[in-house]
2 protein chains.
Amino acid sequence: MKKAPERLRFSALAVDAVVLGIVDGELCGLVSEVNRPPYYVNILGFLGGLINIEENADEACERVLYEKGGLKNVYVEQLYTFSEVERDKRNRVISVAYIALVRPDTAASYKFADASFVPLKKLKNLAYDHDEMLQMAKSRLQGKFAYTNIAQYLLPRHFTLSELQATYEIVLQKEFDKRNFRKKVLSLDLVKETGLVQDGVKNRPAALYEFSSQKIKEFQLLT
Amino acid sequence: MKKAPERLRFSALAVDAVVLGIVDGELCGLVSEVNRPPYYVNILGFLGGLINIEENADEACERVLYEKGGLKNVYVEQLYTFSEVERDKRNRVISVAYIALVRPDTAASYKFADASFVPLKKLKNLAYDHDEMLQMAKSRLQGKFAYTNIAQYLLPRHFTLSELQATYEIVLQKEFDKRNFRKKVLSLDLVKETGLVQDGVKNRPAALYEFSSQKIKEFQLLT
DNA sequence: GCAAAAGTGTTAGGTATACACCCATGC
DNA sequence: GCATGGGTGTATACCTAACACTTTTGC
């Protein structure tokens, strides 16, 4: 593979990953300290890194998630490409942004370098154009929650219907009626019983469910 | 604005535009001959071009649409970024793809260099990864038709409800009941009457409507 | 008066919403 | 036995889907 001719190669290419997960009932984003003097110091930003010559953007994202976040096998999807000329004040950098979703076990016990999960409502004044990235990631997630089974990537493999409902309520910022919610997810075949029940809880143990399909599938709106 | 350091600048950056419009009751894409020996000869592809150092991807797309397609003031939205290492066999090129929509007057009388509107079902074996781009553009358009007022960009400013219905049927490849369709679009306030009627038709003239909002707005699903 | 497309209402079935109490378990 | 969250049914309003005939115009 040849490089492009010199005059056409003015920009670096990066990926940024908006990693989302639920911690203590709140939707959180994974951020770390950005330290790029003189413009970006004492400021938070999402994980990001440059694309290498031998990889595509998806592969770069996967690598960055592992190298900078210690994350492997997480759900990712491309979000949007940010290309404002001055989006990085130091150099021209075009960034392909991704959304990644992690399950609660990963998010709750997260420990890697200086990266940490911070509730979205505390994520303001991030580095570069990461505020905009976050807004877009949030709307995209909410959109997909309504008509796909993407919620599975924010839940453990087995979960109770109350946990599922809580996940929807946290992401969509909206409450659901317990009975109607259950009827809906069951009638859509979104989830199915595992036959297992909770263990070690101090109240009546709930039945454990799993998603019917591991693949992203489209459903009717959960408004 | 400095360029990025040399070792980080291996790729050219391009935009490609999947321009869609309806001609003779068919959804068509705007393609032109690609002539890039030795790999891409006698083959069709969407309009595309390189991003310049002083512009962002949206601006590059707008410029390419004008320079290579003679198009101005058309609706555009970013679709997806294609970054496979070998997507262009000559050089490493990462491309930010866009969807653009043109109104029937533009599409029907289109004439610019060798570009032309070709029905989607005839667009096979396009250059680069443009087949994949087209599939993605088509699904995106169908998705947005179902829950936004994006249809306005494929219609004239004033249109009859039958034309609106035909547009939905062409894009979604699905027939609607005339009475139910009308009830739906009116109850959603998707469109409103202009008070005008058709002129010069040899049957009963239909009332002309316009979209209630010029901005992209979300609605309930038109399934 | 005929051809062509416009325009219009009703019914039935299904989906969405609102709402309150009993159940199983651990302590 | 009490505190905690689990689990369940019904009635109503609303929305969707199916369906056919009359109206207006140009020629």
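In this entry the distance linking CZ of B:Phe181 with C1' of C:dG7 reads 15 Å, nearest Å. A:Asp177 places its CG atom 15 Å from the C1' atom of D:dT12, with the value rounded to the nearest Å. Here D:dT16 presents its P atom at 12 Å from CZ of B:Phe176, a figure rounded to the nearest Å. Atom pair A:Gln198:CD and C:dG26:C1' shows a separation of 13 Å (rounding to whole Å applied). Summarising the geometry, the separation between NZ on B:Lys178 and P on D:dA20 is reported as 14 Å, rounded to the nearest angstrom. Rounding to whole angstrom units, CZ of residue B:Arg182 and C1' of D:dT16 are separated by 18 Å. Atom CG in B:Leu164 sits about 15 Å away from atom C1' in C:dG7, given to the nearest Å. With rounding to whole Å, A:Glu175 atom CD is found 12 Å from C:dA18 atom P.
Taking the six-membered ring for Trp and thresholds of 30 and 60 degrees, A:Tyr168 and A:Phe176 have ring planes more than 60 degrees apart, a perpendicular arrangement. Between A:Tyr153 and A:Tyr75, the ring planes are parallel. Angles under 30° get that label, and only those over 60° would be called perpendicular.
A:Ser162 comes within contact range of the sugar-phosphate backbone alone, with a heavy-atom separation under 4.0 Å but no base atom that close.
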Protein N or O to nucleotides 25-27 of chain D N or O, pairs below 3.5 Å:
{"from": "D:dG26", "atom 1": "O4'", "to": "B:Lys202", "atom 2": "O", "distance (Å)": "3.1"}

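Between the side chain of B:Ser83 and the main chain of A:Ala57, a donor-acceptor pair closer than 3.5 Å is present. Using a distance-only test at 3.5 Å, with no hydrogens or angles considered, a donor-acceptor pair links the side chain of B:Glu59 to the main chain of B:Asn56. Under a 3.5 Å cut-off, the side chain of A:Arg140 and the backbone N or O of A:Gln78 do form a donor-acceptor pair.
Annotation: B:Phe112 is not in aromatic contact with B:Tyr66 [ring centroid separation under 6.0 Å not met].
Contact annotation: side chain of A:Lys183 to base of D:dT10, donor-acceptor pair present below 3.5 Å.
Ranked by how close their nearest DNA chain C nucleotide is to the 5' end, B:Ala206 and A:Arg179 are led by B:Ala206.
A:Phe82 meets the ring pair (Phe, Tyr, Trp, His ring centres under 6.0 Å) test with A:Tyr80; sequence neighbours excluded.
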